[in-house]
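Below is one structure, written out as structure tokens, with a few remarks after it.
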Amino acid sequence: MEISTTYNPKEFEERIYKEWEEKGYFKANPNPDKVPFTVVIPPPNITGQLHMGHALNDSIQDSIIRFKRMQGYETLWLPGTDHASIATEVKIVDAMKAEGLTKESVGREEFLKRAWAWKEKYGGRIVEQLKKLGSSCDWSRLAFTMDENLNKAVKEVFVNLYEKGLIYQGKRIINWCPVCKTALSDAEVDYTEEASGLWHIKYQVKGEDKYVIVATTRPETMLGDVAVAVNPKDKRYQDLLGKTLILPIVNREIPLVADDYVELDFGTGAVKITPAHDPNDFEVGLRHNLPVIKVMNDDGTMNEDAGKYAGLDRFECRKVLVDDLKEMGLLEKVEAYNHNVGHCYRCSTIVEPLISKQWFVKMEPLAKPAIDVVKKKSVKFTPERFTKIYYNWMTNIKDWCISRQLWWGHRIPAYYCEDCGEVMVSKQDVKVCTKCNSTKIHQDEDVLDTWFSSALWPFSTLGYPDNTEDLKYFYPTDLLVTAYDIIFFWVARMIFSGLEHTGRIPFKDVLIHGLVRDAQGRKMSKSLGNGIDPLEIIDEYGADTLRYALLNGIAPGSDTRFSKDKIEGCRNYINKIWNASRFVLLNCEGKKIKDVSELKLNFTDKWIISRLNQTVKKVTLDMEKYEIGLACGELQEFFWNDFCDWYIELSKPYLYGDDEEKKTHVLSVLIYVLKNTLKLLHPYIPFITEEIYQHIPGVEGSIMVSEYPRYNAKLSYRKESEDCRYIMSVITAIRQIRADTGCAPSKKVDLYVVTEKKRLLERASIYVEKLANIQKLNFIQSKAELNQKTVSVVLDKTELYVPLGELVDFDKEIQRLNLELEKVESEIARANGKLANQGFLAKAPKSLVDSEREKLNKYLDMRKKITKNIKELQG
RNA sequence: GGGAGUUUAGCUCAGCUGGGAGAGCGUCUGCCUUACAAGCAGGAUGUCAUAGGUUCGAGCCCUAUAAUUCCCACCA
């Protein structure tokens with residue numbers, strides 16, 4: 001097949017992906033002859049569309065997976081999706097709203113039917129999008145958090161924890177979303193600072209004409225007040241302690257209690273106590289044996305205990321109640337006050353802390369070992385600083401509220417006997433009460449927090465609770481790649497779950513990456529409308545360009561900016577790869593290619609091979625440290641600057657010449673370097689590298705299963721590399737003269753050289769002549785032989801003279817040389833300064849001192865020659 | 001309130017265990033040189049946030065300060 005004359009990713013990306021899939025390259029199986037390398041994908045929500053965050057996350061994983069696969073590991077990248085309990089349910093409820101339906105009106109069974117239908121319809125969408133990106137997941141293992149076997153794992157884990165006393169049911173203050181009508185875990189609440197008020201309300205002391213003023217941000221909750229608390233040391237209230245207050249409006253008699261929890265210097269020093277609606281108040285209530293009066297319904301309206309406000313929405317109630325207080329003269333004042341208000345992370349409604357009976361996971365015993373494995377570095381975070389965030393969270397962790405008043409999710413395997421009230425937790429459906437034999441049994445209505453099943457992902461997807469071959473071979477997994485915003489939700493919970501249920505860590509490494517921001521550094525968001533759709537980028541530029549734009553230059557843990565400019569720069573680079581490869585391949589037509597081991601390599605060949613070899617070393621090391629951004633940069637520099645700008649140019653004199661043997665020689669090196677570079681590039685830009693690779697003469701099979709290049713210490717070629725760099729410096733110097741003197745690039749000129757490196761320059765004359773457009777390279781003993789004014793440049797051990805005749809403005813040339821001289825002078829001053837420093841001579845390493853001396857001599861010599869050249873021009 | 005990060009060229013960011021400040025984009029000059037103008041060649045551009053300290057030597061280590069971003073907690 002011909003290789004296309006222009007880079008057009010649409011011509012091959014889809015075709016190549018299909019080939020990979022058909023050949024089964026993505027599949028992994030337990031193989032005792034190989035070392036496994038396992039990554040489980042952070043499962044995207046079934047409601048999700050591929051966004052830049054996924055694109056980044058999956059590009060990172062795919063590049064590492066491909067790298068390891070080529071290195072010979074049995075590589076498993078296990079894909080899947082998350083049922084996303086609350087997010088999905090919100091969407092389905094919304095969709096039903098359009099039909100005029102509600103959850104309640106259709107009932108649980110019908111609702112779940114709709115949810116599964118939704119999953120069938122949209123759940124696969126993101127999978128297709130991941131494929132477009134080039135993700136080399138083992139799709140035969142595609143998992144879903146509500147698959148039967150994952151449900152089995154969930155039940156197993158729930159029952160185990162329950163039996164160990166680590167899951168319990170309790171009435172406690174939780175975060176309640178009145179719109180989603182469910183409890184939320186602490187992690188599911190987002191706080192934002194909002195301008196609000198601090199209402200000061202007067203509570204009368206019973207039978208006296210005295211008042212205690214309390215300050216509150218949520219006046220409507222006063223309807224549930226059962227006490228007022230002050231600090232026991234507070235002098236202002238000493239004489240009132242133990243007295244009774246009259247709760248305004250409700251006219252309930254409530255005690256004034258003393259509790260250390262109250263701060264002396266905030267507000268008025270008196271705090272209204274509402275145990276049903278505030279976590280701290282709840283604790284105070286327990287300490288003082290106070291009743292609990294809940295005044296709100298699940299939908300955020302006031303209940304019958306709110307008296308005349310019953311039925312009002314909580315914020316409406318606030319307004320009315322404050323007005324009433326004002327009228328009664330019981331509102332002392334309202335201060336402007338900013339405070340943090342919690343919002344539901346799915347629907348943004350203000351959450352209401354309220355008392356509710358829920359299921360909790362007892363965290364303390366689980367957190368301890370999870371902290372230890374990170375301390376011991378059995379689980380390693382990259383970058384390391386994220387361990388601090390992890391410790392901080394783990395050590396201050398509160399019990400995890402896991403029940404949700406939703407329908408879409410893993411139903412809690414708890415059963416209640418309606419006759420005797422027995423609670424039974426079981427993996428199997430319970431039909432008969434184990435205590436009283438009653439058959440009036442019903443299952444708990446609630447489902448589990450989505451993250452409860454996500455926490456099991458690394459082992460539930462491999463067969464847990466059964467001890468399968470997969471689990472034995474691929475678990476613990478090797479690497480988890482995720483953004484930092486999900487450490488608490490997911491990473492932490494996987495670690496303690498893995499330890500508790502499998503007795504092992506779930507993964508060895510955690511690579512944390514940042515968020516993708518827009519060109520101005522803002523978070524991409526729907527509301528700002530500044531998001532860029534990765535699918536559009538793929539459509540316009542191809543998946544390779546998208547991947548490269550995301551990967552090039554990223555650093556672990558740091559956010560990255562994404563812009564059209566960046567995309568175009570990356571496209572240009574990939575286009576460069578395309579064209580350079582095309583150049584090499586076109587020249588190969590009808591030519592014999594040899595293995596480089598059969599060639600007698602010259603210094604330019606050895607230079608590029610050693611540069612390739614160095615690049616292999618650096619890129620491999622970078623990848624092992626998950627420094628993908630550095631690896632990309634390293635490779636780009638090598639490919640563009642060294643291979644394209646120099647080696648390909650150096651090959652042209654032979655490619656355009658008549659010597660067939662030389663052509664074969666240079667083509668063989670070109671092919672060798674190209675082939676290996678493509679392999680190095682493949683993890684990041686898999687499609688184009690595959691497309692080109694398949695066109696390389698003599699190549700069989702796919703690049704994605706080819707062997708990754710290995711560093712070889714024998715290929716260093718220091719001497720030849722130095723020679724090559726010297727020749728390059730000569731060429732650059734001549735180009736510089738031409739640019740400085742306005743000598744047209746098309747104009748051929750003569751070059752006269754005084755040098756101590758004559759033999760090397762003779763061998764290299766073909767390169768110098770071609771790359772600097774020199775008519776003829778002439779060697780002379782000294783400038784005097786030329787007997788005319790010329791432009792000149794002085795290099796180490798070499799002087800170059802270009803007679804430009806009348807073209808030259810000699811005043812300008814003198815100026816130019818003076819500039820050169822200045823540079824050399826400053827170098828001399830620098831070296832002299834160092835060498836004059838006794839401390840430096842005494843304490844710096846000898847090699848450093850020696851090299852400073854060497855440099856000084858070099859520059860002194862150059863100064864002499866430049867000065868001479870200036871004098872001659874002046875004279 | 002606690003913690004973490006960032007501060008280097010006009011912009012976005014690299015700079016490994018301290019030993020001559022880098023890249024990409026932008027910009028300037030000259031080039032349609034038989035792979036590529038999505039390109040080639042050559043250039044310009046920096047009190048490495050500030051102030052101290054350690055050191056023969058600091059962008060890098062230490063201490064303070066400032067600006068900025070984020071995370072956690074939350075006092076009614």
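Owing to the predicted nature of the structure, the values given are computational and were not obtained by experimental measurement. Sequence lines set the chain letters: A, B, ... in the order given, protein chains first and strands last, and positions in each chain run from 1.
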Spacing between A:W646 atom CH2 and B:C40 atom P, to the nearest angstrom: 13 Å
task: Mark yes or no for a side-chain to base donor-acceptor pair under 3.5 Å between A:N340 and B:C74, with no hydrogen or angle criteria applied.
output: yes
message: With a 6.0 Å cut-off (strictly less than), is the heavy-atom count around CD of A:E825, excluding the residue itself, greater than 12?
response: yes
- prompt: Using a cut-off of 4.0 Å on non-hydrogen atoms, how would the nucleic acid contact of A:R735 be classed: base, sugar-phosphate, or nothing?
  reply: sugar-phosphate
message: Please check if the number of heavy atoms outside A:K202 that lie under 6.0 Å from its NZ is greater than 12.
response: yes
message: Roughly how many Å apart are B:U50 and B:G59, using the C1' atom of each and rounding to a whole number?
response: 14 Å
query: Do the side-chain N or O atoms of A:Y541 get closer than 4.0 angstrom to the phosphate oxygens (OP1, OP2) of B:A38?
result: no
query: Is the distance from OP1 or OP2 of B:C13 to the nearest side-chain N or O of A:R561 less than 4.0 Å?
result: yes
- request: Please examine the side chains of A:C743 and A:L804, heavy atoms only from C-beta on, and report whether any two atoms are closer than 4.5 Å.
  value: yes
query: According to the Watson-Crick and G-U wobble definition with distances under 3.5 Å, which dot-bracket string, read 5' to 3', encodes RNA chain B, using [ ] for crossing pairs and | for pairs with another strand?
result: (((((((..((((.....[..)))).(((((.......))))).....(((((..]....))))))))))))....
- prompt: Within this structure, what is the CD-to-P distance between A:E634 and B:G24, rounded to whole angstrom?
  reply: 13 Å
task: Check the distance between B:A35's P and A:N572's CG and give it to me in whole angstrom.
output: 19 Å
message: If we ignore hydrogens and angles and just use 3.5 Å, is the side chain of A:R582 paired with the main-chain N or O of A:Y7 as donor and acceptor?
response: no
message: So that I know where these two stand, are A:Y391 and A:F381 an aromatic pair - ring centroids less than 6.0 Å apart?
response: no
query: Below 4.0 angstrom from OP1 or OP2 of B:G43, is there any side-chain N or O of A:Q736?
result: yes
Per A:N579 side chain, nearest of listed nucleotides B:C72, B:G42, B:C36: B:C36
task: Could you check whether A:Y656 and the base of B:U34 form a stacked pair, meaning centres closer than 5.5 Å and planes differing by less than 30°?
output: yes
- prompt: Could you state the CZ-C1' distance from A:F840 to B:G19, rounded to the nearest angstrom?
  reply: 7 Å
query: Looking only at atom P, what distance separates B:U12 and B:U65, rounded to whole Å?
result: 27 Å
- request: Decide if atom CG of A:D850 counts as having more than 12 heavy atoms of other residues, nucleotides or ligands within a radius under 6.0 Å.
  value: yes
statement: Assign each of A:D565 and A:K843 the nucleotide of RNA chain B bearing its closest heavy atom; nearer the 5' end lies the nucleotide of A:D565
- prompt: Would one find a side-chain N or O of A:N575 under 4.0 angstrom from OP1 or OP2 of B:G39?
  reply: no
- prompt: Taking the same atom, C1', in B:C48 and in B:G15, what whole-Å distance lies between them?
  reply: 11 Å
query: Are A:E220 and A:R314 ion-paired here, with the side-chain N under 4.0 Å from a carboxylate O?
result: no
field: Side-chain donor/acceptor of A:R571 to base of B:A38, under 3.5 Å
entry: yes
message: Does B:U34 have OP1 or OP2 under 4.0 Å away from a side-chain N or O of A:K652?
response: no
query: Under 4.0 angstrom, heavy atoms only, what part of the nucleic acid is A:G514 near: base, sugar-phosphate, or nothing?
result: nothing
query: Given the C1' atoms of B:G26 and B:A9, what is the spacing between them in whole Å?
result: 11 Å
- line: Between CG of A:D190 and C1' of B:A73 the distance, given in whole Å, is 15 Å
query: Can you find an N or O donor on one side and an acceptor on the other, under 3.5 Å apart, linking the side chain of A:E649 with the base of B:A35?
result: yes
- request: Describe the nucleic acid contact of A:I574 in one word from base, sugar-phosphate, nothing, applying a heavy-atom distance below 4.0 Å.
  value: nothing
- prompt: Contact class for A:F386 vs. all strands (heavy atom < 4.0 Å): base, sugar-phosphate, or nothing?
  reply: nothing
- prompt: Should A:N773 be listed as having a side-chain N or O under 4.0 Å from OP1 or OP2 of B:U33?
  reply: no
- prompt: With a non-hydrogen cut-off below 4.0 angstrom, is A:V584 in contact with a base, only sugar-phosphate, or nothing?
  reply: nothing
- request: Identify whether any heavy atom of A:T732 sits under 4.0 Å from a base atom; if not, whether one sits that close to sugar-phosphate; answer base, sugar-phosphate or nothing.
  value: sugar-phosphate
field: Euclidean distance for P, B:G30 against B:C13 (whole angstrom)
entry: 33 Å
- request: Answer with base, sugar-phosphate or nothing: what part of the nucleic acid does A:D281 contact at a heavy-atom distance below 4.0 Å?
  value: nothing
- prompt: Within this structure, what is the CD-to-C1' distance between A:Q775 and B:U33, rounded to whole angstrom?
  reply: 16 Å
query: Reckon A:D265 touches a base, only the sugar-phosphate, or nothing at all at heavy-atom distances under 4.0 Å?
result: nothing
- request: Check the distance between B:A73's C1' and A:M394's CE and give it to me in whole angstrom.
  value: 17 Å
message: Check whether A:R522 reaches the backbone of A:R517 with its side chain - one donor and one acceptor, N or O, closer than 3.5 Å.
response: no
message: What contact category does A:E263 fall into here, base, sugar-phosphate, or nothing, at under 4.0 angstrom with non-hydrogen atoms?
response: base
- prompt: Does A:K564 place a side-chain N or O at less than 4.0 Å from the phosphate oxygens OP1/OP2 of B:A38?
  reply: no
query: Which whole number of Å gives the distance between the P atom of B:A49 and that of B:C11?
result: 14 Å
field: Closest approach of A:A195 to A:N338 (non-hydrogen atoms, all atoms of both residues)
entry: CA-OD1, 3.1 Å
task: Report which part of the nucleic acid A:W640 touches: base, sugar-phosphate, or nothing (heavy-atom distance under 4.0 Å, all strands).
output: sugar-phosphate
Per A:L630 side chain, nearest of listed nucleotides B:G15, B:C31, B:A76: B:G15
- request: For B:C70 versus B:A76, give the span between their C1' atoms, rounded off to a whole number of Å.
  value: 27 Å
message: Donor-acceptor check, side chain of A:D278 to backbone of A:T274, threshold 3.5 angstrom: yes or no?
response: no
- request: Give one of base, sugar-phosphate or nothing for A:F562, where a contact means two heavy atoms less than 4.0 Å apart.
  value: nothing
message: Suppose you measure atom P in B:G24 against the same atom in B:C31; what distance do you get, rounded to whole Å?
response: 23 Å
message: Check the phosphate of B:C11 against A:K566, side-chain N and O only, distance under 4.0 Å to OP1 or OP2. Yes or no?
response: no
- prompt: In whole Å, what is the span from the CD atom of A:Q636 to the P atom of B:U12?
  reply: 20 Å
Centroid-centroid distance, A:Y211 to A:Y203, less than 6.0 Å: no
- request: Could you pick out which residue, A:Y7 or A:A580, lies toward the 5' side of RNA chain B when each is mapped onto its nearest nucleotide?
  value: A:A580
